There are 2 protein chains.
Amino acid sequence: MRWKKISDAVIRRLPLYLRVLDELANDPNTQLISSQDLGVRAGVGPALVRKDLAWFGEFGKQGVGYEVKFLRDELRRILNLDSEIKIAIVGAGSLGAAFARYAHKRYADDSSFNLNVVALFDNDPGKVGTEIDGIPVYSANEMQERVRELQIHMAIIAVPSEQAQTTADRLVAAGVKAILNFAPVKINVPEGVHLASADLSLELQCLAYYLRD
Amino acid sequence: MRWKKISDAVIRRLPLYLRVLDELANDPNTQLISSQDLGVRAGVGPALVRKDLAWFGEFGKQGVGYEVKFLRDELRRILNLDSEIKIAIVGAGSLGAAFARYAHKRYADDSSFNLNVVALFDNDPGKVGTEIDGIPVYSANEMQERVRELQIHMAIIAVPSEQAQTTADRLVAAGVKAILNFAPVKINVPEGVHLASADLSLELQCLAYYLRD
DNA sequence: TAGATTGTTAATCGATTAACAATC
DNA sequence: TAGATTGTTAATCGATTAACAATC
């Protein structure tokens, strides 16, 4: 099940649809949803909803709409969220620890949330060997072995900016294929590794622009 | 100094340029930078760099380039980062506390980083009255008065999803003009208030798509 | 059947890139 | 002056929206 290169803009909307469908799946009154309704709930135009979905197949019935649970399952499958994905967080400072707790809670609460943080890494000997919400903190030196051993394919970088690139390099060397970077620096990864940036200060600086009235 | 409606895509690149210029400003060897060089460092094409800047004025010299410090100052001014912006964080859980520490450190370390977290709000009576890195934690009930009193114009929502919309409503009522939402829900704000979403699980779900090889 | 809604094609809109005259 | 690089216009590219035939 491999599709041609589908635009990033399309992919970014899929989790939005999935969230709406996840909520609706609990409501026994709504078995079906139209692109119109799904669009309103996700904040996307109805035509765009249909076009986005059409990249991956024909999921709806003309004159009827989309079956909520069916479409939800399809989207989960498309996003690779139908089986567990193991995640490492590098950097067990307050930010790293906060994400660990946050993601762990999400995973524990919702059996269909298959993103599971299984390891933290840190340099601080005082932290190594401890646990955060049951997630072990390993030494950063063990990163490569542990990542391989635990079959971790995704990682979150929550280290200081200076260490971000080195961390990324080591993760990539260990076989990580997707990285979410919280450090406020541009980092480079080779072809085939996907990088997303979640840069808090960048977001705040953008927001500042709109403050002038 | 008000410009016509400038695209969000343009605004999002300005902090990228600013970051490059901030770094370069410390280097006494580089007084000047070309759109070419600035583009490479920011990960943007040279033509786009020039076009982005041209929306706000003529900052360069033909045949020469842009003066680093001058352009940095202009960008700061454009982004409203030339004077202090006071920020509130609502929700002093581990995520809220982590951001507070993070932003506070940034502000303390760098005198040109004018984004200052001055208040936390929480419902938990055990937290109210305490401090995190010197930032006071107030009761969520005091939100409106405190926000007005402290002249807070920007806020970060780090509360559970269920409370996100109510929190946003209260912030808006108190005069907040820009909100960064970390809760994994769509929230609505009136015209004139700017909303950005930093949804961790959404980012991770997007990344999951790219895991298939 | 009549009404509704899909999947898809064509039209529109907006953003990026290329090109180049102006000029430092 | 010759070389370099800007600001800006025109060309290209991509993404969203509108429209509609197909069909449930």
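Just so we're clear, the structure is a prediction, and the values are computed from it rather than from any experiment. The sequence lines fix the lettering, A, B, ..., with proteins before strands; numbering per chain opens at 1.
For the pair B:L32 CG and D:dT5 P, the computed distance is 10 Å after rounding to whole Å. Regarding A:F56, its CZ atom lies at a distance of 18 Å from the P atom of C:dT6, rounded to whole Å. At whole-Å resolution of the value, CD in A:E67 and P in C:dT5 are 16 Å apart. As rounded to whole Å, 17 Å separates atom C1' of D:dT16 from atom CZ of A:R12. Atom-to-atom, CZ of B:F59 to C1' of D:dT5 comes out at 17 Å; the value is rounded to the nearest Å. A straight line from CG of A:L53 to P of D:dT17 spans 15 Å, rounded to a whole angstrom. Computed from coordinates, the A:L71 CG to C:dT5 P distance equals 16 Å when rounded to whole Å.
Between A:D37 and A:R41 there is a salt bridge, since a side-chain N of the basic residue sits under 4.0 Å from a carboxylate O of the acidic one. Salt bridge annotation for B:E74-B:K69: absent, with no cationic side-chain nitrogen under 4.0 angstrom from a carboxylate oxygen. A salt bridge does not link B:R19 with B:D22: none of the charged nitrogens is closer than 4.0 Å to a carboxylate oxygen.
In this structure, B:I179 and B:T167 have side chains that are not in contact, with every pair of non-hydrogen atoms separated by 4.5 Å or more.
For A:A54, there are no side-chain contact (heavy atoms from CB on, under 4.5 Å) partners at least two apart in sequence or on another chain.
In DNA chain C, stems built from 3 or more consecutive Watson-Crick or G-U wobble pairs, each with both distances under 3.5 Å, span C:3-24 with D:3-24.
For B:Q62 and C:dT23, a side-chain-to-base donor-acceptor distance below 3.5 Å is absent, hydrogens and geometry of angles not being considered.
When the side-chain nitrogen and oxygen atoms of B:Y66 are compared with OP1 and OP2 of D:dG7, one or more of them lie within a distance under 4.0 Å. Between B:R50 and D:dG7 there is no side-chain polar atom (N or O) within less than 4.0 angstrom of OP1 or OP2.
Ring planes of B:Y138 and B:F121: tilted class, angle from 30 to 60°.
Along DNA chain D, the nucleotide nearest to B:E58 and the one nearest to A:D52 differ in position, and the one closer to the 5' end is contacted by B:E58. Nearest-nucleotide positions on DNA chain D place B:G65 closer to the 5' end than the other of A:G63 and B:G65.
Aromatic ring centres of B:Y107 and B:F113: separated by at least 6.0 Å.
Screening A:L24, A:L16, A:L71 against A:L38 for a side chain to side chain contact (heavy atoms under 4.5 Å, CB included) leaves a single residue, A:L71.
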Kindly give the atom pairs (protein nitrogen or oxygen, nucleotide nitrogen or oxygen) under 3.5 Å for nucleotides 9-15 of chain D.
from: D:dA15; atom 1: OP1; to: A:S7; atom 2: OG; distance (Å): 3.4

